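Keep in mind that this is a model prediction, so the values were computed, not measured.
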Amino acid sequence: MKIHTAIAALIVASCLPAVAYADDQDDTNSQLPVADRTRPEYDPIGQRVGGFILYPQVDVQEMYDSNINASADGTHGDLITSINPSLNLKSDWNQNALNFHADSNSVEYARYGNNSYTDWSVGGDGKLDIYHDARAYGNLSYSVEHLPWWSPNTFIGQGKPTEYSDTAAGLTVEKEFDRLSFQLADNYDRYDFQNVTVNGTTALESRNDYGDERVNLHTGYELAPGRQVYLLTGFDWRAYDDTTDLFGYNRNSTGYVAAVGTKYDITGVTSMDLFVGYREQDYADTRLGSIDGPTGGATVTWNVTRLTTVTGTITRDIDETVISGAAGYFATAETVKVDHELLRNVILTGNISHETDDFQGIDRTDDYFKTGIGAKYLMNENFWLNGGYTYQTRDSNAVGTGAADNQVFLGVSARL
């Protein structure tokens with residue numbers, strides 16, 4: 001019944017009439033997807049600091065979660081409070097760019113305090129305009145995060161969410177030669193995990209610490225304005241600190257991807273970016289072997305009316321796992337999202353998503369389903385309210401891993 005209700009909500013939203021609240025927007029702005037449009041009377045102004053603009057923000061949210069541990073019995077519900085302050089410092093220059101970011105997210109459980117945690121991150125990124133047809137981008141960040149209970153890498157009987165840090169750095173260079181373009185990117189992530197307690201026993205998650213480097217080359221050719229074909233090639237290296245993990249496997253690996261794709265844009269109506277190719281990840285441990293198969297992705301944005309945008313995405317790629325005997329898994333995910341501008345300051349959303357995780361080396365398949373509806377009310381440039389409902393499930397042929405969950409949330413944001 002919940003699934004049918006969500007689908008009906010999406011259909012209703014996409015069919016709502018294009019009332020006059022968007023008619024006063026300029027043509028260029030109204031051709032953008034609803035979620036990307038500027039709203040000068042409601043967007044934050046920020047505080048000027050020399051050649052930069054500072055955007056402080058605090059988000060506070062209350063949520064009721066009917067199954068906080070994503071367990072099969074679903075007996076533990078709780079009220080969850082999250083406080084998320086953030087600072088964004090953005091350059092205001094004609095050329096080049098330099099931005100800094102810092103945030104924290106404190107999550108407190110009313111009854112089951114052992115689930116409480118605080119995530120935080122700091123980082124920066126920038127752009128260097130070398131020539132009119134050449135640019136370089138860079139980023140550097142450090143974050144402390146927690147695996148969600150829904151993650152396949154969370155153990156049954158685990159006492160609290162797994163904490164890990166991510167040190168990330170990236171460099172991208174772009175160059176155009178008339179219609180031919182090249183984009184070379186090198187990204188590195190270093191993951192460090194904290195040990196956890198599983199049914200009273202310490203699990204040495206720190207043995208799963210690893211670094212992941214990815215080098216990708218995007219070669220594109222513009223057939224016409226807004227229409228491009230491209231070739232995507234990439235290599236990655238995953239190196240673990242310990243030659244054996246918790247279960248005695250050497251998970252060091254190398255991989256590659258080769259794909260062809262296209263971008264297609266009809267201004268103000270539909271845009272599409274899709275690619276298909278082949279992906280392989282070869283593991284050092286012969287017992288794990290290699291994972292290979294088709295890969296791809298697609299994003300389609302359709303402005304149904306001036307007030308309604310439908311966005312669909314599909315991805316298929318290889319993800320890491322710490323499950324004994326599994327080399328990894330192919331994750332295939334599909335999402336459909338609807339954004340509707342009911343009023344200039346009232347945005348409605350609806351979404352449906354599905355993911356299948358097909359584990360390699362063991363007989364396990366996980367299916368995730370998620371759907372939800374929400375609304376955002378922009379009071380003025382400094383405050384907004386948001387709320388919504390989410391329903392999600394996990395079905396699996398692994399014992400004790402099925403679960404269902406209902407979430408209802410209400411939040412307020414303050415910005416300068």
Side-chain angles (χ1 to χ4, degrees), residues 57 59 70 82-90 98-107 115-127 137-155 158-172 185-198 202-216 234-243 245-246 249-255 257 279 281 283 297 315 317-323 326-331 333 355 357 368:
Q57 181 169 321
D59 304 317
S82 61
I83 302 176
N84 177 207
S86 63
L87 290 174
N88 285 282
L89 184 64
K90 299 183 178 181
L98 186 60
N99 308 306
F100 300 95
H101 172 82
D103 74 84
S104 70
N105 187 27
S106 297
V107 179
N115 289 290
S116 300
Y117 61 86
T118 298
D119 289 343
W120 59 275
S121 69
V122 293
D125 63 84
K127 180 186 73 166
Y137 301 86
N139 65 275
L140 181 65
S141 65
Y142 179 83
S143 63
V144 173
E145 304 175 45
H146 288 75
L147 291 179
W149 285 112
W150 291 85
S151 169
N153 295 324
T154 297
F155 298 106
Q158 189 169 310
K160 61 185 302 182
T162 301
E163 179 182 304
Y164 68 96
S165 64
D166 178 7
T167 305
L171 178 63
T172 301
D186 188 350
N187 291 281
Y188 177 81
D189 285 271
R190 162 74 191 190
Y191 299 100
D192 293 283
F193 296 86
Q194 298 296 313
N195 296 334
V196 296
T197 300
V198 182
T202 300
L204 299 178
E205 287 269 37
S206 57
R207 298 192 68 172
N208 296 318
D209 297 348
Y210 74 100
D212 182 6
E213 183 174 10
R214 303 166 306 282
V215 177
N216 293 289
F235 298 89
D236 70 271
W237 300 265
R238 299 174 183 177
Y240 285 75
D241 292 0
D242 290 304
T243 55
D245 67 3
L246 287 172
Y249 293 93
N250 184 347
R251 294 192 173 275
N252 291 342
S253 66
T254 58
V257 60
R279 179 82 163 85
Q281 198 74 23
Y283 292 83
T315 60
D317 201 3
I318 296 173
D319 285 342
E320 290 285 276
T321 186
V322 296
I323 296 175
Y329 60 92
F330 259 114
E355 178 174 329
D357 295 344
Y368 299 85

Who are the side chain to side chain donor-acceptor pair (under 3.5 Å) partners of [X], not counting sequence neighbours?
X	value
Tyr283	Glu320
Thr315	none
Thr167	none
Asp357	none

Partners passing salt bridge (charged side-chain N to carboxylate O under 4.0 Å, His left out) against [X] (at least two apart in sequence or in another chain):
X	answer
Lys127	Asp129
Asp186	none
Asp241	Arg190
Asp236	Arg238, Arg279

Atom pair [atom1] ([X]) and [atom2] ([Y]), whose distance is rounded to the nearest 0.5 Å:
X	Y	atom1	atom2	result
Asp212	Tyr240	CG	OH	8.5 Å
Gln281	Phe330	CD	CZ	9.5 Å
Trp237	Tyr188	CH2	OH	12.5 Å
Phe100	Asn88	CZ	CG	12.0 Å
Asn208	Tyr191	CG	OH	13.5 Å
Asn84	Gln57	CG	CD	7.5 Å

Might you point out which heavy atoms bring [X] and [Y] nearest each other, and give the distance in Å?
X	Y	answer
Gly170	Asn187	CA-OD1, 3.6 Å
Asn216	Gly234	OD1-CA, 3.4 Å
Tyr368	Pro152	OH-CD, 3.7 Å
Thr172	Ala185	OG1-CB, 3.5 Å
Ala168	Asp189	CB-OD1, 3.3 Å
Ile83	Pro85	O-CD, 3.5 Å

Notebook entry, point to check: Counting only N and O atoms by type, is there a donor-acceptor contact under 3.5 Å from the side chain of Asp319 to the main-chain atoms of Tyr329?
Noted result: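 Checking the backbone N and O of Tyr329 against the side chain of Asp319, no donor-acceptor pair under 3.5 Å is found.
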Checking [X] now: which residues fulfil side-chain contact (heavy atoms from CB on, under 4.5 Å) with it, not counting sequence neighbours?
X	value
Leu140	Ala169
Leu147	Ser151, Asn153, Thr154, Thr162, Tyr164
Gln194	Glu163

Notebook entry, point to check: More than 12 heavy atoms of other residues, nucleotides or ligands under 6.0 Å from CZ of Phe235: is that the case?
Noted result: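 Count not over threshold, so no.
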If you look only at distance, which donor and acceptor atoms sit under 3.5 Å apart when one is on a side chain in residues 115-126 and the other is two or more places apart or in another chain?
unit_1: Asn115; atom_1: OD1; unit_2: Asn69; atom_2: ND2; d: 3.2
unit_1: Asn115; atom_1: OD1; unit_2: Trp149; atom_2: NE1; d: 3.3
unit_1: Asn115; atom_1: ND2; unit_2: Tyr112; atom_2: O; d: 3.4
unit_1: Ser116; atom_1: OG; unit_2: Glu108; atom_2: OE1; d: 3.3
unit_1: Ser116; atom_1: OG; unit_2: Tyr109; atom_2: N; d: 3.1
unit_1: Ser116; atom_1: OG; unit_2: Gly113; atom_2: O; d: 3.2
unit_1: Thr118; atom_1: OG1; unit_2: Ser106; atom_2: OG; d: 3.4
unit_1: Asp119; atom_1: OD1; unit_2: His146; atom_2: ND1; d: 2.6
unit_1: Ser121; atom_1: OG; unit_2: Asp103; atom_2: OD2; d: 2.5
unit_1: Asp125; atom_1: OD1; unit_2: Asn99; atom_2: ND2; d: 3.0

Notebook entry, point to check: Going by atom types alone, do Ser206 and Asn195 pair a side-chain donor with an acceptor below 3.5 Å?
Noted result: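 Their side chains do contain a donor-acceptor pair, which is all the 3.5 Å distance test asks for.
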